[in-house]
Amino acid sequence: GPGGGGWIHFNKFMQVTRRDGSVWGDGKIFAVGDCNMGCLGSPPEWEMPPVPKISYPGEEQAFHACENLILLSKGSKKLKSTWWPWGAGMF
């Protein structure tokens with residue numbers, strides 16, 4: 001993948017990115033759940049801290065990605081940001 005192996009890098013819209021943060025695949029490729037890096041930014045200034053690799057966050061991320069796919073299909077350039085899923089801390 002564009003990250004060079006390991007987890008897939010993504011932005012706040014769930015779009016796959018290169019390591020430098022540039023959008024990959026014209027922004028039409030999304031990564032959700034266990035396959036993505038699971039966080040945005042770096043410590044201690046996280047944009048979104050690491051999300052546990054459990055099923056609930058993946059479901060929430062998939063919902064966010066689907067909303068953005070719908071927006072893209074309608075020609076919108078304004079996508080919705082993801083957030084740290086409230087249920088991600090429940091084990």
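Residue numbers count from 1 along this sequence.
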A.B. asks: Indicate the atoms forming the closest heavy-atom contact of Gly38 with Phe10, along with that distance.
C.D. replies: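 Shortest heavy-atom contact: N-CE2, 3.4 Å.
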A.B. asks: If you draw the axis of the six-membered ring of Trp83, does the NZ or CZ of Lys12 fall within 45° of it and under 6.0 Å from the ring centre?
C.D. replies: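 Pair Lys12/Trp83 does not count as cation-pi.
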A.B. asks: Can you measure from CD (Glu47) to CG (Leu40) and round to the nearest 0.5 angstrom?
C.D. replies: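 One gets 5.0 Å once the value is rounded to the nearest 0.5 Å.
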A.B. asks: Considering all heavy atoms of both residues, which atom of Gly27 and which atom of Leu72 are nearest to each other, and what is their separation?
C.D. replies: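 Closest approach of Gly27 to Leu72: O-CD1, 3.6 Å.
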A.B. asks: Rounded to the nearest 0.5 Å, what's the gap from CG on Asn68 to NZ on Lys78? Could you check?
C.D. replies: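 So the CG of Asn68 and the NZ of Lys78 are separated by 12.0 Å.
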A.B. asks: Could you note down all residue pairs passing side-chain hydrogen bond (donor to acceptor under 3.5 Å, both in side chains) where residues 26-45 supplies at least one of them, sequence neighbours left out?
C.D. replies: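 Residue pairs with at least one partner in residues 26-45: Asn36-Gln61.
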A.B. asks: Looking only at non-hydrogen atoms, find the nearest pair between Ser22 and Asp20 and report the distance.
C.D. replies: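 In terms of heavy atoms, the two residues are closest at OG-OD1, 2.7 Å.
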A.B. asks: Under a 4.5 Å side-chain heavy-atom rule over Ile, Leu, Val, Met, Phe, Trp and Tyr, are Val23 and Val16 clustered together?
C.D. replies: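 Val23 does not cluster with Val16.
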A.B. asks: Would you compute the distance between atom CD1 of Ile70 and atom OG of Ser76 and round it to the nearest 0.5 angstrom?
C.D. replies: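 The distance works out to 11.5 Å.
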A.B. asks: Run the ring pair (Phe, Tyr, Trp, His ring centres under 6.0 Å) test against Trp46 and tell me which residues pass, sequence neighbours left out.
C.D. replies: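 Trp46 satisfies ring pair (Phe, Tyr, Trp, His ring centres under 6.0 Å) with no other residue.
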A.B. asks: Which heavy atom of Pro52 sits nearest to which heavy atom of Pro57, and what is that distance?
C.D. replies: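 Shortest heavy-atom contact: O-CG, 3.6 Å.
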A.B. asks: Distance check, rounded to the nearest 0.5 Å: Ile29 atom CD1 versus Thr17 atom OG1?
C.D. replies: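 Answer rounded to 0.5 Å: 12.5 Å.
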A.B. asks: Specify the closest pair of heavy atoms between Phe13 and Lys80, including all atoms of both residues, with the distance to one decimal.
C.D. replies: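 It is CD2-O, 3.3 Å.
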A.B. asks: Measure the spacing between OG1 of Thr82 and CD of Gln15 and express it to the nearest 0.5 Å.
C.D. replies: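 Separation between the atoms: 11.5 Å.
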A.B. asks: Can you check whether His9 and Trp24 have ring centres sitting under 6.0 Å from each other?
C.D. replies: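 No, too far apart.
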A.B. asks: In chain order, what residues pass the side-chain contact (heavy atoms from CB on, under 4.5 Å) check against Leu69, with sequence neighbours excluded?
C.D. replies: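 Leu69: side-chain contact (heavy atoms from CB on, under 4.5 Å) contacts with Phe30.
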A.B. asks: List the atom of Cys39, the atom of Pro49, and the distance in Å for their closest heavy-atom pair.
C.D. replies: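 For Cys39 and Pro49, the tightest heavy-atom pair comes out as CB-C, 3.8 Å.
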